[in-house]
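Okay, so here's the structure we're looking at.
All ligand and atom numbering here is 1-based and tracks the order in the structure.
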Amino acid sequence: MSKIYIDGVFYSKEDAKISVFDHGLLYGDGIFEGIRFYNGRVFRLEEHIDRLYDSARAIALDIPLSKAEMTEATLASCRENNLRDGYIRLVVTRGVGDLGLNPKNCIRPTTIIIADGIKLYPEELYTNGLKVVTCATRRVAPAAFSPAVKSLNYLNNILAKIEAGNAGEGLMLNEQGYVAEATGDNVFLIKKGVLFTPPISAGALGGITRNTVIELAQEAGIEVKEVMLTRYDCYTADEFFLTGTAAEIIPVVDLDGRPIGDGKPGPLTGKLSGHYRELTQASGAPIY
Ligand code: PXG
């Protein structure tokens, strides 16, 4: 029986409810984090908490908990559900207000923590790789709203996901046509042994898996370049993969009908996936 944290109290799934006047629902006014825990430890918890508070700062939202309190509430949510492996959804909304969009009328932000088991992607995708198509929907321009904020407004990504449809995952470009990211994952490619990924300024979320992969590559002596990338760079890459908390490292074998490399998941992708798996099993904030 799962237990869900709302503003300091644990509720059963049936009773875990928030007001229809919450601006998280009415306007998508809020932020969130998606976190994984493995083997009784929360992976990169400090980084997720830091990103949450940065997102909050960017939208002028005052989280009513300190970082230490939020960390403890997150660990307590895992304990309350007796879990050792799973997924945490941490949400902070603007809170209950009236029907106007002015956040000043919201009394207090709502904090929600859901710790649950994780539905893993089919193993087949990791062994055979994923097909990706470029979406016509461009990633929202940083000058309009920064894609670095992990906000409750995911319609830009959802529209791209709908476009990608059954074809596979969607690749999103920025307004200038450079590669930004996938609909919910960051993008990497390998060419002649060098690892490339677009800079965050291309219009991507600063993925925590992305940071981890960059670190792992550097430790393995692989050169890493954060540069603007075009679709040409992707089509002509030797290897291509996506990174995200939920997907971890997932190989891409086809982009817009062009096979990547030899059309099979590549060796460096496999090597980095192995290192990533080891790290997730052996590090993180202890839950118990
Ligand atoms: N870009 C976007 C737009 C994302 O939403 C990533 C990149 C990868 O970031 P991390 O920090 O996870 O490496 C994300 C992450 C969900 C869910 O439930 C979404 C994400 C992560 C976990 C779960 O939809 N997005």
Q. Quick one: nearest non-hydrogen protein atom to atom 18 (O) of ligand 1, plus distance?
A. Arg89 NH2, 2.5 Å
Q) Are the charged groups of Glu226 and Arg210 less than 4.0 angstrom apart, N to O? A) yes
Q) Taking distance alone, with no angle check, do Thr243 and ligand 1 share an N/O pair under 3.5 Å? A) no
Q | Per-atom contacts, ligand 1 versus Gly207 - under 4.0 Å to a heavy atom | A | 9 (O), 10 (P), 11 (O), 13 (O)
Q: Please indicate whether Phe145 has more than 12 foreign heavy atoms, meaning atoms of other residues, nucleotides or ligands, lying under 6.0 Å from its CZ.
A: yes
Q) Charged N to carboxylate O below 4.0 Å: is that the case for Lys192 and Glu223? A) no
Q: Show your reasoning for whether side-chain contact (heavy atoms from CB on, under 4.5 Å) applies to Ile88 and Ile113.
A: CA-CA 7 Å; Ile88 300 158; Ile113 309 173; 3.8 Å; yes
(Q) Below the 3.5 angstrom mark, is there an N/O of His48, backbone or side chain, next to an N/O of ligand 1? (A) no
Q.
Using a plain distance cutoff, I'd like to know if Ile208 has any nitrogen or oxygen under 3.5 Å from a nitrogen or oxygen of ligand 1.
A. yes
Q | Residues Lys67, Asp50: salt bridge by 4.0 Å N-O rule | A | yes
Q) Quick one: nearest non-hydrogen protein atom to atom 12 (O) of ligand 1, plus distance? A) Thr245 OG1, 2.5 Å
Q) Can you find an N/O atom of Thr209 closer than 3.5 Å to an N/O atom of ligand 1? A) yes
Q | For the student: nearest non-hydrogen atoms of His23 and Gly100, plus distance | A | CE1-O, 2.9 Å
Q) Taking only heavy atoms of Gly244, which atoms of ligand 1 are found under 4.0 Å from at least one of them? A) 8 (C), 12 (O), 13 (O)
Q) Is the closest side-chain heavy-atom distance between Val179 and Leu173 below 4.5 Å? A) yes
Q. Which ligand 1 atoms, with their elements, are less than 4.0 angstrom from a heavy-atom of Thr183?
A. 3 (C)
Q. Looking at atom 19 (C) of ligand 1, what's its closest protein heavy atom, distance included?
A. Lys150 NZ, 3.9 Å
Q. So Tyr276 and Phe43, would you call those rings parallel, tilted or perpendicular, with 30° and 60° as cut-offs?
A. perpendicular
Q: Look at ligand 1 and say whether Asn211 reaches it with a heavy atom at a distance under 4.0 Å.
A: no
Q | Under 4.0 Å to a heavy atom of Tyr154 - the qualifying atoms of ligand 1, by number | A | 3 (C), 4 (C), 5 (O)
Q: Check each atom of ligand 1 against the heavy atoms of Glu181 and keep those under 4.0 Å away; list them by number with element.
A: 1 (N), 2 (C), 3 (C), 7 (C)
Q) Who's the nearest protein heavy-atom neighbour of atom 6 (C) of ligand 1, and how far? A) Gly184 O, 3.4 Å
Q. In the protein, what heavy atom is nearest to atom 17 (C) of ligand 1, and what distance, to one decimal place, separates them?
A. Tyr87 OH, 3.5 Å
Q: Mind checking the CG-CG spacing from Leu272 to Leu216? Nearest 0.5 Å is all I need.
A: 6.5 Å
Q. Which residue and non-hydrogen atom of the protein lie closest to atom 8 (C) of ligand 1, and at what distance in Å?
A. Asn186 OD1, 3.7 Å
Q | Lys191/Glu239 salt bridge by N-O under 4.0 Å criterion | A | no
Q) So which bit of Asn157 gets within less than 4.0 Å of ligand 1, heavy atoms only: side chain, backbone, both or neither? A) side chain
Q. Would a 4.5 Å heavy-atom cut-off, applied to side chains only, mark Arg84 and Tyr288 as touching?
A. yes
